[in-house]
Number of protein chains: 2
Amino acid sequence: MILAKGKNRNDLSGNELKKFRQKKKILHLLYQYHTLSGTAISSKIGVSFPTALTLLNELCEFKFVETFGTGVSSGGRKPNMYRLSNESIYVIACELGRYKAKMTIYNSHNNQVTSILTFATNIDDNELVEKIYVNAQRLIQEFKIDENRVYGIGLNMPGLIDENRGINHTIKNEEYRNVKERLETRFGKMVYVNNDARMQAYGEYIFGSAKGHLNAIVVNWNWGIGMGLIFNGNLYNGSTGFAGELSHTKFVDEGDLCICGKRGCLETVASSNFLIKNAAIGINENVVSQLTLSFKNRQQDLQPEDVINAAKSGDEFAISLLNKIGMALGKGLSFTIQLLNPEIIVLGGVISQANRFVLTPIQQSLNKYCLDKISSNVKIVISENWEQAGLLGVSAMLFQHLFGDIHSELKYENF
Amino acid sequence: MILAKGKNRNDLSGNELKKFRQKKKILHLLYQYHTLSGTAISSKIGVSFPTALTLLNELCEFKFVETFGTGVSSGGRKPNMYRLSNESIYVIACELGRYKAKMTIYNSHNNQVTSILTFATNIDDNELVEKIYVNAQRLIQEFKIDENRVYGIGLNMPGLIDENRGINHTIKNEEYRNVKERLETRFGKMVYVNNDARMQAYGEYIFGSAKGHLNAIVVNWNWGIGMGLIFNGNLYNGSTGFAGELSHTKFVDEGDLCICGKRGCLETVASSNFLIKNAAIGINENVVSQLTLSFKNRQQDLQPEDVINAAKSGDEFAISLLNKIGMALGKGLSFTIQLLNPEIIVLGGVISQANRFVLTPIQQSLNKYCLDKISSNVKIVISENWEQAGLLGVSAMLFQHLFGDIHSELKYENF
DNA sequence: CCAAACTTATTAAAATATTTTAAAAAATAT
DNA sequence: ATATTTTTTAAAATATTTTAATAAGTTTGG
């Protein structure tokens, strides 16, 4: 099932290689633009119309591309439109959380073609790769996907990850760190691995609230403060995969001890940690609040969602706690904005659900700490489809790699 | 003098356009790699060797390219090497400072082909464009440059600049803000305009201490703290051209008033402002120091260089002042490092000349404020050719645009 | 150290592919 | 209804790639 007739990619002759590249370019264009006319394709890949048609016909023959009605014309014959075939290319997307993984399969129109499968695992699970393989097989079989049409596996997971080599340095057992290589061996397909916050950012950029904004910042606001950065329309990893570690910068001189070992990190004053810790203190001091009434005897059950819900029903104590972490995150964002001058900041994660109870104090902080002419141009919004952002991001990234725009081509036996 | 024989770029036929693009690609490759063999070029632009040779011969005919000896071989005939012709393409580079402008001309090997001309002007000078034109003509005539071979003018200047439209929003008189358009009209050639700190950063990235480092930060450390950012090998402007404004972030809660109107900006504690202000205070208090001896009766003459020189000769007061601004900048850089995980930070500008007197306190700050696993990978170095960085940067950027990698092609009547 | 075997580059021709041109088809605007 | 615009198709013209032969080196083995 390949773009060039019955040959190994490694011994394509010059012209076959040329056509192979052109076809990949066409697939990439169709992925990006959904539908295109023959004329549009010929001009975009820089060949004449008859040549473009020949290439398109061959792609149709192999079921990668199909015609899709006619397009609009400004006075003249309507053009035939082409799009990627609905069942041409699938990718498996997997998101690994602290205790469980989510998995689903997307087609080249970024439509989910299976349900979302969940299974228990974690980044230090030695059986991780095997579990991913077994569960992928379950999805493939249950939903009758043609396995030969599955061209890659994308995985996002917590930790410090080298995007190119697909190594997760946070995994304790050194032998299991090379996640990409191990998955590639198990599946025999292309694999892409990156950090969860960054893939959520990419998902928001390609499909979500940051769509169309070339310079965007996406915050995963929860127990930590993950940050994904999009610069000039590209995902930014940093030189060793640490970009966006705002969470562990010092904001309070002699502040609380942070899990990272330092004191007074932003995370200690602007995340769920602060929320729960200070809610507990208040409850112990019998502050007037719903939270005191509900959680006095079961503080260990208190979750960030509970504080948010209390705030939404008007609880002043909960509101004041959210106000504090909003101000604190706002201060952190103000540095970020001054340094990076983004178009948009998208907030996701549990705390973002507090909506105006955090948006207002964030804005107050920006007013205080930013130059007006910089901060007045940045939009701060709450993500609308956070649950899928990470899966969609990893799927989009995989398609980008498959179509060869990012990595050097011919590295994998695709198409 | 064009790549395609005697035609206007706007009515090139399909195949002529194709060849035009291929030739531009070859020029770009030769600009990047300096010399290449025919085989290398054919594989890099994706055509067969005979085709590449045809293109190269045509480029040689028009004097854009020349053969340049033979290359190395690992067992076989030595290849003919090609390079850009020494006198094929020139660009004018101009750097506008507070009170004067510097100008010179580079060839496509980034060699200066004229002296550096200096003339008095400023960003609010209504005669700016005319002065640039007149002085460019002087250089062209004095050094007998073929004016038809000058393909563009690059200008870097202070202020908030929209790179694409070439508009400097900091210019007071609105009618004179569109610097790019006005220069293009006057010269009839391609023009590139951007902010000075960013062009210095680009210069350091392409030719200087940041060469080869895909993620680099370049600091212009003087009265302000300018910052240029390189991400994934590309210059980053931010969404409205404000990227790198670390200088005006709040670092001291109730600090000194800054020129920006806010209080306690980094600039008030980490720039020449702090140095001179606090040196003056010390001198008034008759602190034991060379500076007191030399400047007691002429404080208005005190320059940052004087403090640096005093420190170099062992003056403890001067050393302590430099130590303070080093610690302060270090704190600012630690946020930047945590957020952006760069490979290298290059320091330029007057204060960087204090070398170890500032490098040591900067490092101390990083140790205090950064996670070790992030900061341990970043190199902090002093620029080695700061005086030319801005001119070289703008010249390199212009060549990138000329060869069509960045902007859409055919926009200008080049080649 | 020299000749034979092996590489790699260049050139010229034959084979193949692409672009151009022109004509037909299908739709829109006047 | 006719002229205009745009797409599609097919043939002719042009360009590119392949192939094969030649040239110019390097390496190896006697």
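Per chain, numbering begins at 1; letters A, B, ... match sequence-line order.
The distance from atom CZ of A:Arg21 to atom P of D:dT17 is 12 Å, rounded to the nearest whole Å. The NZ-C1' distance, from B:Lys78 to D:dA24, rounds to 10 Å in whole Å. We find that CG of B:Leu53 is positioned 16 Å from C1' of D:dT18, with the value rounded to whole Å. In this structure, B:Lys23 places its NZ atom 15 Å from C1' of D:dT16, rounding to the nearest Å. At whole-Å resolution of the value, CD in A:Glu58 and C1' in C:dT18 are 13 Å apart. Whole-Å rounding puts the B:Asn80 CG to D:dG25 P distance at 10 Å. When rounded to the nearest whole Å, the span between CD of B:Gln22 and P of D:dA15 equals 12 Å. A:Lys19 has its NZ atom 11 Å from the P atom of C:dT19, to the nearest Å.
A 4.5 Å side-chain heavy-atom check between B:Ile89 and B:Phe64 finds at least one atom pair inside the cut-off. Residues B:Tyr192 and B:Met199 meet the side-chain proximity criterion, which asks for heavy atoms closer than 4.5 Å.
Residues B:Arg149 and B:Glu87 are not paired through a salt bridge, judged by the lack of any N-O separation under 4.0 Å between the basic side chain and the carboxylate. We find that B:Lys379 and B:Glu343 are not joined by a salt bridge, their nearest charged nitrogen and carboxylate oxygen being 4.0 Å or further apart.
Set against D:dT7, D:dT26, C:dA9, the side chain of B:Arg77 has C:dA9 as its closest nucleotide. With distances taken from any side-chain atom of A:Val47 to the nucleotides D:dT17, C:dT19, C:dA27, the minimum falls on C:dT19. Taking the side chain of A:Pro79 as heavy atoms from C-beta on, and the options D:dT26, D:dT7, D:dT9, the nearest nucleotide is D:dT7. Closest contact between the side chain of B:Pro50 and the listed nucleotides D:dT17, C:dA9, C:dT19 involves D:dT17.
With a cut-off of 3.5 Å on both Watson-Crick or G-U wobble distances, the partner of D:dT19 is given as C:dA12.
Between B:Gly46 and A:Phe49, the one whose closest nucleotide on DNA chain D sits nearer the 5' end is A:Phe49. The residue among A:Asn15 and B:Gly38 whose nearest nucleotide of DNA chain C lies closer to the 5′ end is B:Gly38.
Contact check, B:Lys18 against C:dT19: a side-chain N or O comes under 4.0 Å of OP1 or OP2. Between B:Ser48 and the phosphate of D:dT17, there is a side-chain N or O to OP1/OP2 separation shorter than 4.0 Å.
A:Thr54 comes within contact range of no nucleotide atom at all, as no heavy-atom separation falls under 4.0 Å.
Applying side-chain hydrogen bond (donor to acceptor under 3.5 Å, both in side chains) to B:Asn178 and the options B:Lys180, B:Arg182, B:Glu181 leaves one that passes, B:Glu181.
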